[in-house]
2 protein chains.
Amino acid sequence: MIRAAALPRPDGALRAIGTVRHFAPQQTIFAEGDPAGHFMLIIHGMVRSCSTFSDGRRFIGAFYAAGDLFGLERKEAYLASAEAVCETAIVLYPAPDWLDIARPQDSLSSQVFGAMMLGADQARSHARLLGRLHAIEKLSAFLLERHERSNQRLQLTLEMSRQDIADYLGLTVETVSRCLAQLKRDNLIRFHSSRRLDLLDIMALQAISG
Amino acid sequence: MIRAAALPRPDGALRAIGTVRHFAPQQTIFAEGDPAGHFMLIIHGMVRSCSTFSDGRRFIGAFYAAGDLFGLERKEAYLASAEAVCETAIVLYPAPDWLDIARPQDSLSSQVFGAMMLGADQARSHARLLGRLHAIEKLSAFLLERHERSNQRLQLTLEMSRQDIADYLGLTVETVSRCLAQLKRDNLIRFHSSRRLDLLDIMALQAISG
DNA sequence: CGGCTAATTGACTTTAATCAACTACAGTGG
DNA sequence: CCACTGTAGTTGATTAAAGTCAATTAGCCG
């Protein structure tokens, strides 16, 4: 994540307290869902952070090289797998307590720090959507995302225009409109007006969004 | 970024020290490149974080709603604009000193914190690439990104396979191969082997990658 | 040298973008 | 109150970009 060379005392302080480990090409360092108790610094080689969809599609969120830190997670579990791209050596560190945002904290700095972490997670999840989902899947995912952040049970009010949605999902207005029409045709959603709708089948929408 | 409801004492502590401001629909809160001296909490309404390409393409990186914090930047300047989607009220806070990663710090926690911030930026930049660039533009951007992180002047060694590149850029191996062939045809790159190449015209690659 | 995988290239198909009407709707002023 | 206007949204026809399928070539390691 960060190039050690860009910081003073690059890896000296860090390396002193960690455990060195070596990985062969294609070897898994940790898998999606593993308990996230450590973070890592790359000594040499390269690591890819990737996640796989149920149907086999794969998405790589980042490549990490010598000097980069990775595996910093807000959650209890890693959100993506890490695999060695080539012959790689890393140093392993126990995750510091202050990383544990799951634990309730209330200072201003904790709130700001938590917002940053959450923002990073959301950006990664957004990249995954943009990189590997089809138009109809993007729309399903978008509606579910909006639904999760609203308080309503089934009703959903979209504050933004179709153009905004298109620019968020990497599509055109026309495609957004057509996909919403298809979801309506399939009885997964119902419109009250162009910006107010009901989600009729959350499970089906989840199935579509991968 | 973070839903205040998910934290104890949601906005009480924060709201106490900030300045409330109101925005009309479509109004700009801050623009890409503005000095990043503040961050914001949304009281009500909705904000979009967006960036515009030289040719007019627009990309929205995130929507923020009531309770979300946004505008937390590692850099001196905001990396994307923020605009009100609808009638919106926010509270403005001065950015805390410890956000200023540009200033050299060397403690372990600073390194970890900096890595997280950088990782967030990279994920946002990756999302922008995935959302609004064409295949050839993605490849140009990818080569430049790899070049920046290598020490070589013009030579570039790709540690990863074409499949890895495809999964990183949201493309197929065939498209990756065809785009590299086109860049070669246009004399922007030259191959020594399939994973070793020279960048012959950085400026042209930058122009292509938007 | 042979056998395997990675990478390239070509032919064709599919998806989403583009271009072009057309409809719905909100706000304005007669 | 209702016609007029302008914007947002939808729908259809066509094109362009990238994906798929298939065959071939290049590298690599025994």
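Convention: sequence-line order gives letters A, B, ...; per-chain numbering from 1.
Here A:S177 lies in heavy-atom contact (under 4.0 Å) with a base.
We find that NZ of A:K138 is positioned 14 Å from P of C:dT15, with the value rounded to whole Å. Spacing between atom CZ of A:R185 and atom C1' of D:dT11 amounts to 11 Å, rounded to whole angstrom units. Atom-to-atom, CG of A:L130 to P of C:dA16 comes out at 13 Å; the value is rounded to the nearest Å. When the P atom of D:dA8 is taken as reference, atom CD1 of A:I165 falls 13 Å away, rounded to whole Å. The separation between A:K184 atom NZ and D:dT10 atom C1' is 9 Å, rounded to whole Å. Computed from coordinates, the A:Q163 CD to D:dA8 P distance equals 9 Å when rounded to whole Å. Per the geometry, CG belonging to A:L158 stands 16 Å off P belonging to D:dA8, to the nearest Å. Computed from coordinates, the A:D167 CG to C:dA17 C1' distance equals 14 Å when rounded to whole Å.
Annotation: proximity of residues 45-61 of chain A to DNA chain D (heavy atom, distance under 4.0 Å) is found for no residue.
For the pair A:S140/A:L183, a side-chain contact is recorded, criterion being any heavy-atom separation below 4.5 Å from C-beta on. The side-chain heavy atoms of A:S81 and A:F30, taken from C-beta on, include no pair separated by under 4.5 Å.
For the residue pair A:R128 / A:S51, a side-chain donor-acceptor distance below 3.5 Å is found, with atom types taken as modelled. Counted by atom type alone, A:Y168 and A:Q163 present zero donor-acceptor pairs between their side chains at under 3.5 Å. Under 3.5 Å, the side chains of A:Q155 and A:R190 contain no donor-acceptor pair of N or O atoms. Of the N and O atoms on the side chains of B:T157 and B:R196, at least one donor lies less than 3.5 Å from an acceptor on the other residue.
Residues A:E137 and A:R57 are paired through a salt bridge, judged by an N-O separation under 4.0 Å between the basic side chain and the carboxylate.
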Which parts of nucleotides 14-30 of chain D does protein reach within less than 4.0 Å, heavy atoms only, written one letter per nucleotide 5' to 3' as B for base, S for sugar-phosphate only and - for none?
-> ----SSBB---------
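Among D:dT11, C:dA7, D:dG9, the nucleotide with an atom closest to any side-chain atom of B:R162 is C:dA7.
When all heavy atoms of A:G61 and A:F59 are compared, the closest pair comes out as CA-CE2, 3.7 Å.
Remark: A:R195 CZ is packed, more than 12 non-hydrogen atoms of other residues, nucleotides or ligands lying under 6.0 Å away.
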